[in-house]
Number of protein chains: 2
Amino acid sequence: MSATKYVSDFPIFSVTADLVVLTIRDDRLCVLLVKRGGAPFKGGMALPGGFVQASEDIERAAYRELEEEAGLKPEDVVLEQLRTYGAADRDPRGRVVTVAWVVLTADAPEPTAGSDAADAMWLPVDEVLGGSPVSLAFDHAQILADGIERARSKLEYTGLAAAFCPPEFTVAELRRVYEIVWGVDTLDPGNFHRKVMAIEGFLRETGNMKKEARGRPSRTYVAESGVPLHPPMRRDRR
Amino acid sequence: MSATKYVSDFPIFSVTADLVVLTIRDDRLCVLLVKRGGAPFKGGMALPGGFVQASEDIERAAYRELEEEAGLKPEDVVLEQLRTYGAADRDPRGRVVTVAWVVLTADAPEPTAGSDAADAMWLPVDEVLGGSPVSLAFDHAQILADGIERARSKLEYTGLAAAFCPPEFTVAELRRVYEIVWGVDTLDPGNFHRKVMAIEGFLRETGNMKKEARGRPSRTYVAESGVPLHPPMRRDRR
DNA sequence: GCAAAAGTGTTGAGAGTACACCCATGT
DNA sequence: ACATGGGTGTACTCTCAACACTTTTGC
């Protein structure tokens, strides 16, 4: 850190932007974690993130950290604010509040490639939060859990699932996203196809086809907008 | 202000908690606004709120401001975090980020009663944001709009509507809440009654009755929990 | 009795599910 | 030919909205 001192008439806070970066790799929902290089929690795992600079919009800081720590550019992702965590004792360094963001991406470059945090890695979320959970620094386990729940519920009533797909994708690829994120066995392919095609303004046909290893080639689509889905894709919660 | 100076190694932020306090008065959705007593925007209207103290949880600060500026106690309200606004230039005093909260309440005491801000008042939201909108300080117009939208959508899939009702209420009172907040003409009383009674774990009958000016007396209920509604109460968005 | 509001019954339209079936490709 | 996944058709179920109707009060 620099020797510069900052002075204020008001109680002093520092603000960080922390990121819950989610993607799908090998048919599993994965989150980007970094190994901390300094105190506190040195060597422990944490969400990527960092301090917001003095004259930087918080959202801009989130995009900057995303590029620095994950090598992801704004046009590769969907980013939205999750919530702010501000318990007085959440950071041993002092009074730090963090604004957390959920980031969805289809691009999943191995994060070691030329980034600040060479110790970044993708881990399946069910391993991080599951039976023998990975211990995360600060309150990051809570932030991660909140971020995953946000992503799950957003799939229901927005077209956000497309953010996990490449720019041009098939209905089956979109269906896999729903199955993986919701953790359900199999959505009926026929019904899913019809349902998703019935939603106005969600998918636009490209005219291209994509051949898989087996079976009939499928049409490809691009997501049209971020508008709410009508009707929504509801998950069963009996 | 005190003469105390605060010093830090990190970029300095101040953090405020701002409140979108909503209630229903005279069959209209109303928001609590205060007249600012100091610069900037002195004399202008703003959302109630204030600085978070140095060792105070942000949520606790929200409850404190709620009591100081509106005379409302935690048990009288439902409070939930809305989002954080952190544009670098949003406050002319310096780098201030605000964590905004949505507060729903049935109690609507006239706010002048013994509070810090004797200049607080309830205003109908459609007058504040409508045709000739009231000008609000900072980015508070945006915050208010976001808060109202949050309240509207929360009515669909949570039992939050009950927060606008007294502790013991009738199905008709609950129905008025939906009509007023969503701005719809009339929900069918019969269908609404059946729908709301079909939701597990939402309403518990008290055994009491309430007589209105006219018509058959109705049973009264208390809201049972904050659990999600299944099935949800969906609003039409044709 | 009449008006008004609570609450119930009935019915018809539409949405969702299960599943049969056809289509287009690789092997 | 046959296996595989894309995509469509069909019929049954369930939900929901419209609205008729009964109940219980005040006037």
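All heavy atoms count here, side chains included; hydrogens, waters and symmetry mates do not. Here the structure is a predicted model, which is why all the values come from computation and not from measurement. In what follows, chains are A, B, ... by sequence order, proteins preceding strands, each numbered from 1.
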Side chains of B/T23 and B/T105: any donor to acceptor distance under 3.5 Å?
no

Verify whether one side chain among A/T220 and A/T206 offers a donor that lies under 3.5 Å from an acceptor in the other.
yes

According to ring-ring contact (aromatic ring centres under 6.0 Å, His included), who are the partners of A/F192, at least two apart in sequence or on a separate chain?
A/Y178

Applying ring-ring contact (aromatic ring centres under 6.0 Å, His included) to B/F138 and not counting sequence neighbours gives B/F41, B/H140

Anything under 3.5 Å between a donor and an acceptor, one on a side chain of residues 72-86 of chain A, the other on a protein residue two or more places apart or in another chain? List them.
residue: A/K73; atom: NZ; partner: A/E67; partner atom: OE2; Å: 3.2
residue: A/D76; atom: OD2; partner: A/K73; partner atom: N; Å: 3.3
residue: A/E80; atom: OE1; partner: A/K154; partner atom: NZ; Å: 3.3
residue: A/E80; atom: OE2; partner: A/R150; partner atom: NH1; Å: 2.8
residue: A/Q81; atom: OE1; partner: B/T84; partner atom: N; Å: 2.7
residue: A/Q81; atom: NE2; partner: B/T84; partner atom: O; Å: 3.0
residue: A/T84; atom: OG1; partner: B/T84; partner atom: OG1; Å: 2.4
residue: A/Y85; atom: OH; partner: A/D146; partner atom: OD2; Å: 2.6

Does A/L187 offer a backbone N or O that forms a donor-acceptor pair with the side chain of A/E179 under 3.5 Å?
yes

Tabulate protein N/O versus nucleotide N/O from nucleotides 23-27 of chain D, keeping only pairs under 3.5 Å, one per line.
residue: D/dT23; atom: O2; partner: B/R216; partner atom: NH1; Å: 3.1
residue: D/dT24; atom: O2; partner: B/R216; partner atom: N; Å: 3.3

Does anything in residues 189-196 of chain A come within less than 4.0 Å of DNA chain C? Heavy atoms only, and list the residues if so.
A/N191, A/R194

Using heavy atoms and a sub-4.0 Å distance, could you list which residues of residues 172-182 of chain A are near DNA chain C? By number, please.
none

Heavy-atom check, side chain of B/L19 versus side chain of B/L32, under 4.5 Å
no

Report yes if the side chains of A/L129 and A/I148 come closer than 4.5 Å at any heavy-atom pair, otherwise no.
yes

Could you measure the distance from the CZ atom of A/R234 to the OG atom of A/S153? Nearest 0.5 Å is fine.
10.5 Å

Roughly how far apart are A/R152 CZ and A/L160 CG, rounded to 0.5 Å?
14.5 Å

Check DNA chain D against residues 200-208 of chain A and give the residues with a non-hydrogen atom under 4.0 Å, in numerical order.
none

Taking atom CZ as the centre, does A/R60 end up with more than 12 heavy-atom neighbours from other residues, nucleotides or ligands that are less than 6.0 angstrom away?
no

Does CD in A/E205 sit with more than 12 non-hydrogen atoms of other residues, nucleotides or ligands closer than 6.0 Å?
yes

Rounding to 10 degrees, work out the angle separating the end axes of the helix from C/dG1-D/dC27 to C/dT27-D/dA1 (five pairs an end).
10°

Identify whether the distance between the nearest side-chain nitrogen and carboxylate oxygen of B/R28 and B/D126 falls below 4.0 Å.
yes

Check ion pair A/E149-A/R235 (N to O, under 4.0 angstrom):
yes

Suppose we screen for side-chain hydrogen bond (donor to acceptor under 3.5 Å, both in side chains). Which residues come up paired with [X], at least two apart in sequence or across chains?
| X | value |
| --- | --- |
| A/K210 | A/E173 |
| A/D139 | A/R90 |
| A/T16 | A/T98 |

Between B/D188 (CG) and D/dA20 (C1'), how many Å, whole number?
11 Å

Could you give the CZ-to-P distance, from A/R234 to D/dT15, as a whole number of Å?
13 Å

For DNA chain C, which nucleotides open and close the run of contacts to chain B, 5' to 3', at under 4.0 angstrom from a non-hydrogen atom?
C/dA4 to C/dT10

